[in-house]
Amino acid sequence: MNAKLSAVKGMNDILPPDSARWEWFESRVRELMRAYGYRNIRTPIVEPTALFVRGIGEVTDIVEKEMYSFTDSLNGEQLTLRPENTAAIVRAAVEHNLLYDGGKRLWYTGPMFRHERPQRGRYRQFHQVGAEALGFGGPDVDAELILMARRLWTMLGLHGLRLEINCLGQADERARHRSKLIAYFESHQQRLDEDARRRLYSNPLRILDTKNPAMQELVEGAPRLLDELGDESRAHFDGLQQLLSAAGQDFVINPRLVRGLDYYNLSVFEWVSEQLGAQGTVCAGGRYDTLIEQIGGKPAPACGWALGVERVLDLVAQAQVAPVLPVPDAYVVVAHAPALSRALQTAEELRAAGLAVIVHAGAGSMKSQMKKADASAARYALIFGEQEWLSGEVSVKSLRAGGEQQQRSVPVQPATALLECLRS
Ligand code: ATP
Ligand code: MG
């Protein structure tokens with residue numbers, strides 16, 4: 001026997017019956033996006049490495065150490081499995097001039113790839129659903145995006161998610177804050193961990209995002225970006241807060257919320273759960289008004305979020321929200337070999353009428369076929385035996401637990417009586 005092969009570490013198979021929860025979730029997402037007028041966009045899983053280096057920023061966790069990058073051995077191109085999708089959406093929007101007649105509301109879903117240490121809620125292939133509003137500058141769209149996520153939690157039966165928001169201002173405000181931050185951390189050199197020392201001059205803002213408990217006190221005392229905001233940034237942030245309050249949405253202002261990616265400005269936000277251990281952020285986003293220009297487009301503002309599907313589904317499982325499992329309407333038992341083609345034809349007619357029908361495969365005794373019918377959770381068994389074959393009928397047997405196991409024979413042609421029987 002050949003040696004067994006397994007999936008790549010940190011990359012998961014999603015198997016039935018769990019996949020039913022994924023399908024249920026995806027349907028809710030589609031309803032949500034339709035309700036808000038967001039249109040689906042699909043981009044390749046592989047992109048030029050340069051897109052992410054330019055789009056995400058060189059001094060970020062993702063670009064520094066998490067990307068699956070490789071050289072295409074056929075033509076030498078530098079390629080990367082997408083670690084996130086915002087840069088690619090912006091690339092596509094610029095490449096196809098999507099903003100020629102104004103802003104666009106877009107959404108996507110799919111796998112993302114990051115070389116991280118696998119643990120609960122952190123995988124090397126994981127999935128995101130994302131919403132991006134390109135070409136809109138006001139805090140109204142920031143609020144729309146946040147409230148959209150809130151509606152999704154409701155649709156999924158999730159409660160108790162906390163909304164954290166912050167304002168990252170604009171480049172000049174961040175530059176002012178940056179000098180103060182560097183001076184502050186320089187004066188506490190001996191308390192910096194290795195990560196912080198490395199980032200001190202390259203990306204000091206990210207030090208604020210440290211997960212090292214030993215650094216918490218130092219970071220708490222650091223100069224706040226919020227104190228550097230000018231009137232315009234402040235007005236944007238106030239605007240967002242007013243809209244959220246008016247919509248009855250509670251939030252916490254977290255001055256240390258800086259997000260992992262370089263491209264954000266003004267509003268940033270996260271939805272956080274207490275039920276997921278260390279990986280509590282289920283949805284994160286913000287405004288990225290300079291990214292479109294950075295990717296080569298005409299300057300235009302934008303805002304968006306991405307949620308981690310595995311983390312959200314972990315919450316759904318904990319909330320014990322039962323997804324509606326797809327149950328077949330009928331299981332076809334072929335107990336008389338010559339009846340097979342009639343059975344198949346009947347099954348096709350039922351499917352054309354919208355029913356879900358499983359036809360037993362591989363023959364076998366009536367008893368073993370009925371066992372499979374029971375295990376399939378189908379509502380009815382349709383029995384094509386010798387008797388039925390001779391009379392041009394099919395026997396319909398209810399498989400519902402508790403119900404009487406009554407059996408009726410109905411004509412196969414026309415299928416009207418059978419359909420009526422299965423729909424009752
Ligand atoms: P974290 O701080 O947990 O590493 P991040 O800032 O890197 O998160 P984003 O790039 O903002 O995450 O991605 C948005 C969301 O995608 C996260 O809030 C999370 O729910 C999910 N996510 C990110 N990385 C992973 C991963 N490796 N495995 C599973 N989900 C992930
Ligand atoms: Mg990360």
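In this chain, numbering begins with 1 at the start of the sequence shown. Whatever order the structure lists them in is the order used to number ligands and atoms, beginning at 1.
Using a 4.0 Å cut-off to heavy atoms of A284, the atoms of ligand 1 that qualify are 11 (O). Below 4.0 Å from some heavy atom of G121 lie the following atoms of ligand 1, by number and element: 28 (N), 29 (C), 30 (N). For ligand 1, the atoms lying closer than 4.0 Å to a non-hydrogen atom of K211 are 2 (O). Atoms of ligand 1 lying under 4.0 Å from any heavy atom of A306, numbered from 1 in the order shown and given with element: 14 (C), 15 (C).
In terms of polar-atom proximity, defined here as any N/O pair under 3.5 Å, R122 does make such a contact with ligand 1. Considering backbone and side-chain atoms alike, Q279 places every N or O at 3.5 Å or more from each N or O of ligand 1.
Remark: distances from the non-hydrogen atoms of E310 to ligand 1 are all 4.0 Å or more.
Of the listed residues (F126, F113, Y123), the one carrying the non-hydrogen atom nearest atom 25 (C) of ligand 1 is F126.
By the neighbour-count criterion of 12 heavy atoms within 6.0 Å, atom NZ of K65 is densely surrounded, having more than that number from other residues, nucleotides or ligands. Annotation for E58: atom CD does not count as buried by contact number, only 12 or fewer foreign heavy atoms lying within 6.0 Å.
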E228 vs K180, salt bridge (Lys or Arg N to Asp or Glu O under 4.0 Å): CA-CA, chis, key distance, verdict: CA-CA 10 Å; E228 301 299 330; K180 292 189 181 169; 2.7 Å; yes
Stepwise salt bridge (Lys or Arg N to Asp or Glu O under 4.0 Å) check, E164 with R256: CA-CA 10 Å; E164 298 192 353; R256 286 176 45 201; over 6 Å; no
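Residue-level proximity to ligand 1 for T281 is carried by backbone and side chain together, each with a heavy atom below 4.0 angstrom. Contact annotation for E84 and ligand 1: no heavy atom of the residue comes within less than 4.0 Å of the ligand.
F251 is listed as a side-chain neighbour of I253, based on a closest heavy-atom distance under 4.5 Å.
The closest donor-acceptor contact from the side chain of R162 to the backbone of W271 lies at 3.5 Å or more, if one exists at all.
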Give the table of side-chain donor-acceptor pairs shorter than 3.5 Å for residues 242-249, with sequence neighbours excluded, one pair per line with atom names and distance.
unit_1	atom_1	unit_2	atom_2	d
S245	OG	Q241	O	3.0

